[in-house]
Amino acid sequence: TSDIFIYDNHCIRHNSNTSVSTCSPLTSQDYFNYLVTTLAEIPGVLVTIFLVEFIGRKKTFSLLFTSSGIGFCLLFICFPYEHTLKTVLLFIIRGTNAGAFNLAFLYTGEVYNTTIRARSISILSTFSRIATILTGFVSQILLREHFLYAIGLFGGVALVTGVASIVLPYETKG
């Protein structure tokens with residue numbers, strides 16, 4: 001088991017094998033940045049609604065996922081540098097991902113009949129929960145150990161998904 005003790009603004013982790021690691025507490029700026037990137041979901045969904053009506057579902061899927069992938073690629077460039085730029089990129093990435101997630105449910109509901117739709121949405125929901133678990137693993141383990149590998153994995157998946165969304169079977173615009 002591990003115990004966490006807070007001592008002099010540092011958290012000290014004592015493990016059963018006597019390894020000790022320290023970390024700094026979160027600052028007000030960290031909380032603000034998290035709030036800003038979390039609020040990205042609102043404009044992300046609103047932009048998705050606008051794009052769906054004007055360019056269609058397939059092109060919106062492709063645009064959102066490709067934008068997310070490009071955002072992850074740009075994180076490679078600004079990784080050791082500008083903190084504000086990273087926050088802006090994460091804002092864009094989170095907004096595009098939130099829009100794409102909601103669009104997946106919209107597209108599934110419009111394309112398939114009732115019996116297939118129920119199964120499809122339940123499978124979509126299941127895989128989204130599995131992805132949530134894997135994302136937690138990647139962000140907690142791989143991100144800490146190899147930041148660029150984690151960003152590359154997220155960006156690569158987003159770019160592949162952006163290309164794959166072009167071959168979706170139906171366009172339900174209009």
Side-chain angles (χ1 to χ4, degrees), residues 30-79 85-174:
D30 294 330
Y31 286 112
F32 177 75
N33 290 340
Y34 184 72
L35 175 68
V36 167
T37 57
T38 301
L39 291 176
E41 294 182 10
I42 296 169
V45 171
L46 293 175
V47 168
T48 300
I49 291 169
F50 176 77
L51 289 174
V52 161
E53 292 301 319
F54 287 101
I55 66 172
R57 277 79 169 144
K58 288 170 51 171
K59 290 178 184 175
T60 302
F61 259 132
S62 182
L63 181 65
L64 292 174
F65 283 124
T66 304
S67 299
S68 177
I70 291 170
F72 279 117
C73 291
L74 290 175
L75 279 177
F76 277 118
I77 298 169
C78 73
F79 163 61
L85 181 60
K86 282 193 277 189
T87 302
V88 169
L89 286 174
L90 290 172
F91 183 89
I92 293 168
I93 291 167
R94 186 152 183 175
T96 57
N97 287 340
F101 180 77
N102 288 316
L103 182 56
F105 283 96
L106 173 71
Y107 184 82
T108 303
E110 291 178 347
V111 169
Y112 300 108
N113 63 28
T114 305
T115 56
I116 295 175
R117 182 181 330 139
R119 288 186 185 124
S120 299
I121 289 179
S122 65
I123 290 170
L124 178 64
S125 180
T126 301
F127 278 108
S128 72
R129 298 303 172 214
I130 292 170
T132 301
I133 293 168
L134 292 176
T135 300
F137 170 74
V138 170
S139 67
Q140 293 299 316
I141 306 298
L142 188 58
L143 196 61
R144 189 178 326 144
E145 298 298 323
H146 303 286
F147 179 81
L148 297 178
Y149 291 162
I151 297 303
L153 176 66
F154 286 136
V157 168
L159 290 173
V160 167
T161 307
V163 172
S165 63
I166 293 295
V167 297
L168 287 171
Y170 304 106
E171 174 59 70
T172 59
K173 179 182 176 190

Please set out all donor-acceptor pairs under 3.5 angstrom arising from side-chain atoms of residues 149-167, sequence neighbours excluded.
| residue | atom | partner | partner atom | Å |
| --- | --- | --- | --- | --- |
| Thr161 | OG1 | Val157 | O | 2.6 |
| Ser165 | OG | Ser62 | N | 3.2 |
| Ser165 | OG | Thr161 | O | 3.4 |
| Ser165 | OG | Gly162 | O | 2.8 |

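- Rounding to the nearest 0.5 angstrom, the gap separating the CG atom in Leu90 from the CZ atom in Phe72 is 7.5 Å.
- Considering only residues two or more places apart in sequence or on other chains, Thr132 meets the side chain to side chain donor-acceptor pair (under 3.5 Å) condition with none of them.
- Interatomic distance, OH of Tyr107 versus CG of Leu168, reported as 4.5 Å (0.5 Å rounding).
- Looking at residues two or more places apart in sequence or on another chain, you find no side chain to side chain donor-acceptor pair (under 3.5 Å) involving Thr60.
- In this structure Leu106 satisfies the side-chain contact (heavy atoms from CB on, under 4.5 Å) test together with Val52, Arg57, Leu103, Glu110, sequence neighbours excluded.
- Of all non-hydrogen atoms in Arg117 and Thr108, the two that sit nearest each other are CG-O, 4.1 Å.
- Taking Asn97 as the reference, Ser68 meet the side chain to side chain donor-acceptor pair (under 3.5 Å) condition, with sequence neighbours excluded.
- Screening residues 147-158 for salt bridge (charged side-chain N to carboxylate O under 4.0 Å, His left out) gives no qualifying pairs among residues at least two apart or on separate chains.
- Smallest separation of non-hydrogen atoms from Ser67 and Thr96: CB-CG2, 4.0 Å.
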Indicate every side-chain donor-acceptor pair of residues 121-128 with a distance under 3.5 Å to a residue at least two apart or in another chain.
| residue | atom | partner | partner atom | Å |
| --- | --- | --- | --- | --- |
| Ser122 | OG | Ala118 | O | 3.2 |
| Ser122 | OG | Arg119 | O | 2.8 |
| Thr126 | OG1 | Ser122 | O | 2.8 |
| Ser128 | OG | Ser125 | O | 2.7 |

If you look only at distance, which donor and acceptor atoms sit under 3.5 Å apart when one is on a side chain in residues 41-51 and the other is two or more places apart or in another chain?
| residue | atom | partner | partner atom | Å |
| --- | --- | --- | --- | --- |
| Glu41 | OE2 | Arg94 | NE | 3.0 |
| Glu41 | OE2 | Arg94 | NH2 | 3.1 |
| Thr48 | OG1 | Gly44 | O | 2.7 |

